[in-house]
Amino acid sequence: MVTFKEEKNRLYCTPRQDMVASAVSQMRDTFIAKMEKEPERPWEEIVLDLSQVEVMDSIGINLMLGLYKESKSKDKLFKVIGCNDKIIKVIKLFKLDKTLNIDMAKQEEL
Amino acid sequence: MIADRELLVGFIGEAREHLSTVEEDLLALEKNPEDKEVINKLFRKVHSIKGGAGFFGLDKMGSLSHVMENLLSKVRSGEERLAEGHIDILLGGVDQLKQMVSDPEKSNDCDITDVMTRLESIAGKYEEGNKQTVSAKTLDINSDALLGFEIEEAEIRKVANQGMQIYASTVFLKKDLLDKGKSPFKYIAELECLGRFVDSYLNIDAVKGLKNCVESDLPFTFIFATIMEPDLIPAALEIPEDQVAIIDISSYVAPITINGKNGEQIVIANESGKKQASKAKPSGDITKKTKPTPTCTPVINEPPMETAPARKSQGKAAHVEETLRVHVGLLNRLINLAGELVLGRNQLVRETQPLLRQHPSLLPIIQHIDHITAELQERVMNTRMQPLSVLYGKFPRVVRDLSKQLNKEIDLVMNGDDVELDKTIIESISDPLTHLVRNVVDHAIETPEEREKAGKPRRGTMTLQAYQEAGLVHIDIIDNGKGIDPEIIAQKALEKGVITQDRLDKMSDREKVRLVFIPGFSTKENVSSVSGRGVGMDVVKSNIEKNGGMVNIESVKGEGTSVHMSLPLTLAIISSLIVESAGHHFAFPQVSIEELVRLSVAERKQHIKNVKGKEVLILRGELLPIMYLADVLNIRRTYNDPLTGNISQNRRAKISDRRQSNNTDHDKEDSDNRTSDDRRYEHQEEVIRILSLKVGENRFGIVVDQVVGSEEIVVKPVPQFLRHLTFLAGATIMGDGKVALILDVPGLGTKGGLIFTEAEKLKMEKSAEAYMEQNNDESQRLLLFNNGGEEHFALSLQLIRRVDKVDPKAIESTGDGDYIQYENQAIRIIRLHDHLAIKKPEKPENHDHRQCLILPKLEKTYAGILVENIVDSVECRLKLLEGGPSMRGLVGSAIINNKITLLLNIYELFEMALPDKQQLSRKKAPNKKNRILLAEDTQFYRELEKGYLQSAGYEVTTAEDGAKALDRLEKERFDLVVTDIEMPNMDGWKLLNTIRGITNFSNIPVVALTSLASDDLKNQGLTAGFSRWLVKLDKTEMLKAVHEVLA
Amino acid sequence: MRKQIATFGLGESVFGIDVLLIKEISRIAELTPIPEAQDGLVGLMNLRGQIVTVFDLSKILDYHSSNDKGGERVFIVKTQPEIEPFITANLIANTTTSNDPAAFMIDTIEDVLEIDESEILPPPANQGGLDRELLSGVLKIENEIIPLLDLEVIINKTKTKSINK
């Protein structure tokens, strides 16, 4: 399950469960559905809020990257927030921290 | 030939850690030879030892671990199956390695031919083949394949110098991880146990957008540094061979010259470096550094790196703990400094107390410092704490080897390996505990044949259990072996002349069993090679007691033995009672103090008697020899103050002879010298204060002049110049900066000429019994007080730790209640009228007079009851009024001194006052086999008695009345019923009759525990069939009776 | 080799000790007497959190001075671990002190003398009523003879000094 929140020109995507194989395909469909509405929306930035995510497996990483590429292809900024230490560690080793514009804050202030 | 000392120390430390767990793993493997995970673990550990040994030039260690590694590698690949004999041979190798690790410098002189031959007999033939199975391909560091990585040259050099290899590998997130049930984080964490990521990245090109993202399998490519050799890498990284390549860093590896002379220096001469790692992104500076350096570069100052094996790899890499090796010396220094800080804090708190009224802003600052200091000290102390698993680790092996040797079958059950103790204590109990464990295997548990004959299962069980309770760590060693025959022990003791027949005749079986603790006693005829080693139980006992611990033994012939040890958590800081005698302060370790007895002139005659020329205190039916502290230490008579030259007077007099008139003179003279702080003691001048001290099972009393208070003190060892004084346990610096001596209670007893033998104690008890019978005086000591209103209150003195006057102005209100600083602790104030339906004091918070604070004996409870006046302390038989005032927080009411007096239920009261803080629930008691059903309608007694029984290790089930007890009895098996007499629904008499009437449980012993103490009733009860008739609240008596009835 | 000798007064006499053996000179703090301790051991004192055993030097030396100025000061001897580096560096001759800090009560503090090692003479058979074995040598400064105490012997004496109770 993923919840979305729109605030000014940002779309906050908050997965409410772990991003693991069993949940990913459903999450992906939710993302796709949401992104299809993009042309009517004034989003400038897509923010993936991982504060509710404890574990992210390989497929979870794929999904995160998919969302990132999707945002790029639509010329949106992309940012990941609310990562726990484990996820940060993986992202750093994967050298994705720059790419994904990782933010340590749970919810940034505008 | 030893290279860098610090690195070596690091390696040896690790090797030790590995070896201790290797043993465990091998034993696990013996049980389950197919356990792949264990084999892998073993392999990695042995391999890391091999790597380190090679690096440090410890050749023999290297060869040995190499052979072991080979064998394990074949087991892993399935080429070889581990037969039982193989484990033995491997364990032999482990032993040899341990020996070499213990003295690495001599390890190359060890003769390892034997072990090697045996290992090679199973592994040797494959030895050569192994090297050729190197599977990974080799890449030059400059290879194009490494394009895209950022490798610092310094990093490569470091890696090379640590004897590590660098590998480039690729892992596919789905194929290599997801499909194997691993998350990337878990994988990375596991790898970090094996080595270090030099550089890495995830190639995300394959993901184009959301639609295809799930399908792509992304490659994670990384450069990994590890001491693992190429043939191991694919397995360790869990990837196919073709996804790994070795990076040739030979151009960076410097030949190592070891200056073996003083064994302290290692110099590296770099003669290559011509090849530059153009792909390694060297900056200009780095390139310069790679140039040959003609001079020697000492690297001694380089701190040891946290290399792969420095991480503890326990196979459960789910979370990797960050650890850092710190020298014990540094820790000890920190502990000392923290101790000093505590002293400084105490001084600060004391000195600023008078200033607080003028400068209230100081208070929060001081409290802050107070808390930080306390926390800092606790944390620092914790650094010395080690889990018992450090000790437990070796026992499976000990038990296995011994039982094999003796053809016994023994299961070892260990509980509580996470209980923590100070390192010093762990070290000091290691030998005694090992001895006890060996004893069980050697002496206690029978051979399978013997066991079968006795109708027991072939396999014996030994249980080691540890738990923390009441500020002590308890360790039980329990077996279901043949038990100790008290008659055999008695016979031996007689033969050895340690006891006379006369005394023996008077001893109970339990006491006879305890004769094993008498010095020089050993039951096994021939000291076998297995245990013993010339060490007897007496040495175990003295070792444990030396560290402030206690040991006891219980045994039932034919059923088993249980040895119980209790130990302080830490030695460096103890809680102590500070007393004053002949003008000097002394500290007694709180653990050896049973209670504080305070006798008024009137009580003195009644309680202090002269038995055969010696003074004894009669305390609840027991006779305690008593001595003046000043006399024992010879300070009154001969003590000569070197500074003033004053010679103190000898005022020695028999306590029982001391008349009030004798005292008046010197009391006056004393009080003249007192500071105002001491004046509050004045009204107590005629009172005698006796500390009831325990040495093992024995007790004696020490008379002191004043009780100053309890304090947490930092124990400093006795200076070497004073080591011959056995009555000293140490010294400490008090809050006022003065040095105080910490007294050693057993030493004090010896010095005072007390010799305890079981028989003498028994004699004392016997005469006490006779005395008590004659006086018919089974009573309770109660403290009487009031709250300024009409009501009178009482509380059993046994439940009180201290009573003191406090200034109501010193009470501080905070959001969650009122507190007062007392003994450097914030004590939560409990006022009776806040929790009980009673009147408030007429002048609430009367600022002109001091109030009294009663501190109960409850563990970890920093709260006290604030009352207006302490009226008296009386000794009386407690008979609760029926239908008298009763409410939550009260036990009930009784007529005391012709007044209706309310007896506080301190447990309930504290639960009401501190609902979240009060933790009355005790830790789970050890699972001894004796189960007791306790029927008691009063909650206070129920909780109290349950606690008593649990503390002695029984399993206790409670019932609120006789009917409920009967219910439980029908459902479960119990070994003993302890019941109150007066209960609703079904009273104790009826319960007994019913139990006796039902054939199934007609032989369950039933013990009456009652406040009805008349002799007639008692006789009536015993005639009716109660095994014992006991009076409530006498813990010692109750436990003694319960034990005897169960035995 | 140059040496510094700290001198102090005890009764009417002046004694000297190699400065390198002394940790510090301090005012005596409040003493905690030890019941049944050996002769000459006057008690324990707190020196900035360290427990120091204090001895009456005149008792240890069996040197009973008539002029007792009260012994307000003590010199604290370096412990064995503390002198080890100096021995290694050859700054003082190999000697043994104690593992726990010991302090000796003296009456007055005098000068620190700069001397050359060669100025130290072997102790005469009897130097002002002092046993020869207590001295490591004597210094002759002008007309005065300053006995130098052998701390190793003195510390040994503190341990063996009769426990005559």
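In this text, all values refer to a predicted model and were calculated from it rather than measured experimentally. First the proteins, then the strands, lettered A, B, ... as listed; each starts at 1. The figures here come from the full heavy-atom set of this structure, side chains too, leaving out hydrogens, waters and symmetry mates.
Of the two parts of B/L210, the backbone and the side chain both hold a non-hydrogen atom closer than 4.5 Å to a non-hydrogen atom of chain A. Within the 4.5 angstrom heavy-atom criterion, only backbone atoms of A/M56 (N, CA, C, O) approach chain B.
The choice from A/L93, A/V20, A/V90 that makes the most heavy-atom pairs within less than 4.5 Å of chain B is A/L93. Among B/L218, B/V214, B/D217, the residue with the largest count of heavy-atom pairs under 4.5 Å with chain A is B/V214. Comparing A/D29, A/I61, A/L96, A/I59 by heavy-atom pairs within less than 4.5 Å of chain B, the highest count is held by A/I59.
Remark: the B/K45 side chain and the B/T21 side chain contain an N/O donor-acceptor pair separated by less than 3.5 Å.
Remark: A/E54 pairs with no residue by the salt bridge (charged side-chain N to carboxylate O under 4.0 Å, His left out) rule, at least two apart or across chains.
In this structure, the side chain of B/S183 does not engage the main chain of A/D57 through any donor-acceptor pair within 3.5 Å.
B/K182 forms no cation-pi arrangement with B/Y187, by the criterion of a distance under 6.0 Å to the ring centre and an angle within 45° of the ring axis.
Applying the ring pair (Phe, Tyr, Trp, His ring centres under 6.0 Å) test to pairs two or more places apart or on separate chains, those with a residue in residues 44-79 of chain A are A/Y68-A/F78.
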